[in-house]
Structures are given as C-alpha cells and as structure tokens.
Protein chains: 2
Amino acid sequence: MPTAAKDPVADRPKRRVGRPRIAPESGGGTQDAEPRDQLLAAAAELFTVQGYSATSTRAITAKAGMRQASMYYHFASKEELLSSLLETTVAPSLEFAEWALAERDAAAEARLWALARIDAAQLAGARHNLGALYLLPEVRREAFAPFRALRARLSESYRELLGQTAAAIDYAPGELAQRAHLVFGLVEGVILARLDNRLDRHPESGPLADPAAYSAEVADAALRLSGCDRLGAAREQGRRLCAEWIGRSEHLPSATPTGESA
Amino acid sequence: MPTAAKDPVADRPKRRVGRPRIAPESGGGTQDAEPRDQLLAAAAELFTVQGYSATSTRAITAKAGMRQASMYYHFASKEELLSSLLETTVAPSLEFAEWALAERDAAAEARLWALARIDAAQLAGARHNLGALYLLPEVRREAFAPFRALRARLSESYRELLGQTAAAIDYAPGELAQRAHLVFGLVEGVILARLDNRLDRHPESGPLADPAAYSAEVADAALRLSGCDRLGAAREQGRRLCAEWIGRSEHLPSATPTGESA
DNA sequence: ATTATCTATAGATCTATAGATAATGC
DNA sequence: ATTATCTATAGATCTATAGATAATGC
C-alpha cells in the first residue's frame, strides 16, 4: 500500500479535546457525530414520541451518551434545544417556497404542486415525525415565536401561489384564504397520518411506506382542492420544478443534523 | 306569589354534603356544576393549551376551585382525567358515523358529506380545541389504548362510506385506503387550523369564526377529494341527514360535561 | 354515618449551576 | 491554556397517599 491516506474519514483516530465521556453510546449509530448533533438527534426522537415536557434532560443525554449536566455546555436550556429542532424543520420547505415564488416563468399550478410535493415529502420522509414537533402545545410559549413566524411565512407562500392560479380568478371574496387553509391543512395531514401509523400499527417510529409516492398523491389532492382542471399538465411541470430544486440543493453541503447515518 | 316553587333551579340553596371548599372559584362560571365536571372543564382548557405533562394537578384543581389532593376523590389519577376527556371527544362523531353507516337508503356520497360535516363541526365548534387532545404525545401511552380503538373505528367509517361511493368503483387497488386517509386528514385539519388561529392570531382560545360554514366547506372539500362529480346533490341530501340527526340527538339528555354554561 | 373536602407530607423527580477533572494543544 | 466532560447538589417542583375535619343525612 504505497498511498497512505486511503480513507481519511475512516482512519481518523477520533481523539477529541476535553474530558472523555463515561456513559456508553446507547444503540443508534451516532457515535462519531458532533455532540451537539447527537443531542439534537436524541431530542428529536424523544420529543416526537413522548413530548417536550414529558422528556427529561436526563433521558436526552442518556440517549446521546453523556451525563445530564453536559447538555448545558451545548445548549443554554431545554427550550433552546427544541428551538433548534423546530427551525431545522421548516427551513427546507420555506427555502423551496421562496424559490418557487420567484420562478415566475412556471405556471402557478405547477409551482403549487411542487411546493405541496416538497413539503409533504419532507414531512413524510424525515426519520422521526419532526413535523409533529410543532403540534406540541409547548410551542405556544413566547420562546418559540421566531419559529412560528417562519411557519406563518410558509403558510402565506401557499396562499400566494394559490392566488396566482387560473382557478383563483373565480373565487368568491374570502375563498382564497379559505382554500389556502384547506390546502395547507391537507399537507400537514401527513403529520397526522404518521401519528396514526405509529398509534395504530407500527410500534416503532418510522417514515410512511413510500414518501415519494405519498407526497405526489398529496400534491395531486392539493390541486384538486384548488379547483385546478388541468391536473396532468401541472403535475408534469411540477415534477420538473422539484427535480430542478433537488439538483440545486445537492450541490450544497447538506447540513441536516438530525438525519443520522442510516 | 301563590305558587312557591317558581324556579326550582335558581332557588336551590346549593348546600352540599361534605366538608366545604376553601379555595375560591377562579373566574369562568362553573360555580354550580358537579365537582367532577369542574375538574374536567379545567383540565380541558389546560391540557389543550399547555399540554398534559406541562399541566400540574395543582393547576387543574386551582382552576376548579379546590385543593390539589381533592382531585383524587374524583379521579384515580391524572391519566384517568385525560382518558375521560378523550372519550367525550370522539364519542359524538362515532355515534353519528355508526348511524350513517346503517342509513343505507341515503346515497353514500351524502352520508360521507354529512359525516365530514358533523365531525368537522364538532372539532371546530367545541369550546376548547378538544380535538388537539389526541395529538398530545402522551396519548400513545398504553393507558389510552381504549380511546385509540374508538378513533380507529371512526377512521374506518370514513373508509367504508367512501368505498360505497360511485367514484370508488374506478379506484385503483389501494387507492381507497389512500383517499380515505386524505379525507380523514382533511377533516382533522380543523384541529390544526384552530391551533394556527391560536398561535398566530387570537391569544385566547376559541372556536373558529363560523363553525357551521367552515364545516360545510370541509365537507365539500372531502367530496372533491373523493372524486365525486355530483357535489350539489350530495350536499343537499347530506344537509338533510345532518338535520335529522341533530333533531334526534336533541331529544336525548345532552351530557356534555366539558361544555360550560356560556 | 356518609360525604367531600382539607392539611401535611413522603418520595421521586427535574432543571440548572458550581466547581472539579481528564483529555488535547501550544 | 483550552475544551468538553464529569460529580454533586440546590431548590423547586410534582403526584399520590394518610389521616383529620366540617358539612349534611338519618
């Protein structure tokens, strides 16, 4: 073997600064992630399954393989931990929404389809049912207002795109807001579907069977609700928009702290 | 005044057996309700707003006007309190669903419309956002399995009705379950709409602006999702079914412990 | 005697802080 | 010296039980 550094990542001795941990890594392969990300991953699972108040900092740190107090080196409080998780949840959909709003060459129907698709796919495919985090009652606390503002912007994006569709011309006054709400609610139905899955069938957490197919169904249903009469064409162009966006974002470094290796 | 007992309810001296309370009634006119119902009403508000784990038994009893330990005379545990609330939440919709399934003379589309309507109206119009209770992560605990079974039966009722519609004949394999899920999710979107209302606009809890109109919109949207092509007729007959049911249930003693006087 | 409350408290948490300590880095 | 952990603990909870008590009912 003449070339020494064949696989620099695997060879890395993983020696770290600071006092070493004592607690063993409990299961789920987060061994060599950043401690901060280990905490986020542990909290994501526990918060979605048990809720925020029902999850102790002790439980989170045990899952992340460290002692309770060590959490406070990485996060100022338990609330800050939830804040971070919440923001990673809306961010991707919101980025797509803003891009889609600017793509004025594409039909509004296609952009709406694509937004519903991307948003639903993210909700359906995430390792834990992260969307359920914003159903947690604790999220109404003042500490989470910044996150709620992000979510309100996402909701408005749906309304704007819907307002640009051909069907919207015939809407009665107030009907736009009404229908936009229904569409937004339909997409968020993915969260509820996952809750039901977990409640009634799979004891273990997990994504819906086929997120890609499911999210396309949801996007179809969204256009049906909008009153769009040329679903086929909109879906076709919508798919292209999704593909284009995914192509772009793959060039970026995908910083998804909660998505563990596999 | 010859006839002595003019208004027996108002004249009732309200003297009660047992040691009297010391704690004052805090606000909301539940003064002369049964203690058990006062506790349920207090818990309904606090659980929906703050969540289950975040609500202490002390907070519940303070709102109901008694001391913390007195709760345990009426409920064996905090979990039992939530259980009672959960069951009062699904029961009305489920009763309607079973009646509608049996009404085989009416068109399936109309019965589906009516079920969506009744269910959505109940979710939209309840004093507190009681539907949100079954989004509480704690509801996954074993203690709440009986409630989850009720909810599963409601979900199946939607699927059965949808399966009897004309549009269902053309569904691909698996499409029935898929669409039924979307419809069920759409109706539950009412819960999310109320959460959003509370998050973003009204600081106080409260029902959606016009539950009757809103729930009719949701029922329309449900039929649109089903692929029904004769919405007008179905809606017409659906309205009649709703009216018939409401007529019936008004003859019964309406035992809704959580709906306070007004 | 029965009922529905009360007071007091055991025992088990839980969050966050203080300060010690075991690594690496320079 | 810096970093990332550790141990220990203060202080504030929280749920549920034990047993006393103040009403009504008979």
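Here is the naming used below: chain letters follow the sequence lines, and residue numbers restart at 1 for every chain.
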Report which part of the nucleic acid A:Thr55 touches: base, sugar-phosphate, or nothing (heavy-atom distance under 4.0 Å, all strands). sugar-phosphate
Within this structure, what is the CE-to-P distance between A:Met66 and D:dA4, rounded to whole angstrom? 11 Å
Nearest-angstrom distance from the residue atom CD of B:Gln38 to C1' of C:dA4: 12 Å
From CZ of A:Arg67 over to C1' of C:dT15, roughly how many Å is that when rounded to an integer? 17 Å
Between B:Thr61 and B:Gln68, do the side chains contain a donor N or O and an acceptor N or O under 3.5 Å apart? no
Name all stems that contain residues of DNA chain C, defined as runs of 3 or more consecutive Watson-Crick or G-U wobble pairs, both distances under 3.5 Å. C:1-24 with D:1-24
B:Lys63 side chain to B:Arg58 backbone, donor-acceptor under 3.5 Å: no
Closest listed nucleotide, where the reference is the side chain of B:Arg21 and the choices are C:dT5, C:dT7, D:dC6: C:dT5
Checking B:Tyr52 side chain against B:Glu79 main chain: does a donor-acceptor pair fall under 3.5 Å? yes
Do the ring planes of A:Phe96 and A:Trp245 sit parallel (below 30°), tilted (30 to 60°) or perpendicular (above 60°)? perpendicular
Look at all strands and tell whether B:Ser70 reaches a base, only sugar-phosphate, or nothing, counting heavy atoms closer than 4.0 Å. base
Ion pair present between A:Arg151 and A:Glu188, side-chain N to carboxylate O less than 4.0 angstrom? yes
What does the B/S/- profile of nucleotides 16-26 of chain C look like, 5' to 3', with a 4.0 Å heavy-atom cutoff to protein? BB--BBBBS--
Determine whether a donor-acceptor pair (N or O, by modelled atom type, separation under 3.5 Å) exists between the side chain of B:Arg148 and the backbone of B:Val139. yes
Would you call A:Glu98 and A:Arg153 a salt bridge, taking side-chain N to carboxylate O under 4.0 Å as the test? yes
Are any side-chain N or O atoms of A:Ser70 and backbone N or O atoms of A:Met66, one a donor and one an acceptor, separated by less than 3.5 Å? no
To the nearest Å, how far apart are B:Asp37 CG and C:dA4 C1'? 16 Å
If you define the side chain from C-beta out and look only at heavy atoms, does anything of B:Leu192 sit under 4.5 Å from A:Leu135? yes
How close or far is atom P of D:dT3 from atom NE2 of A:His74, stated in whole angstroms? 13 Å
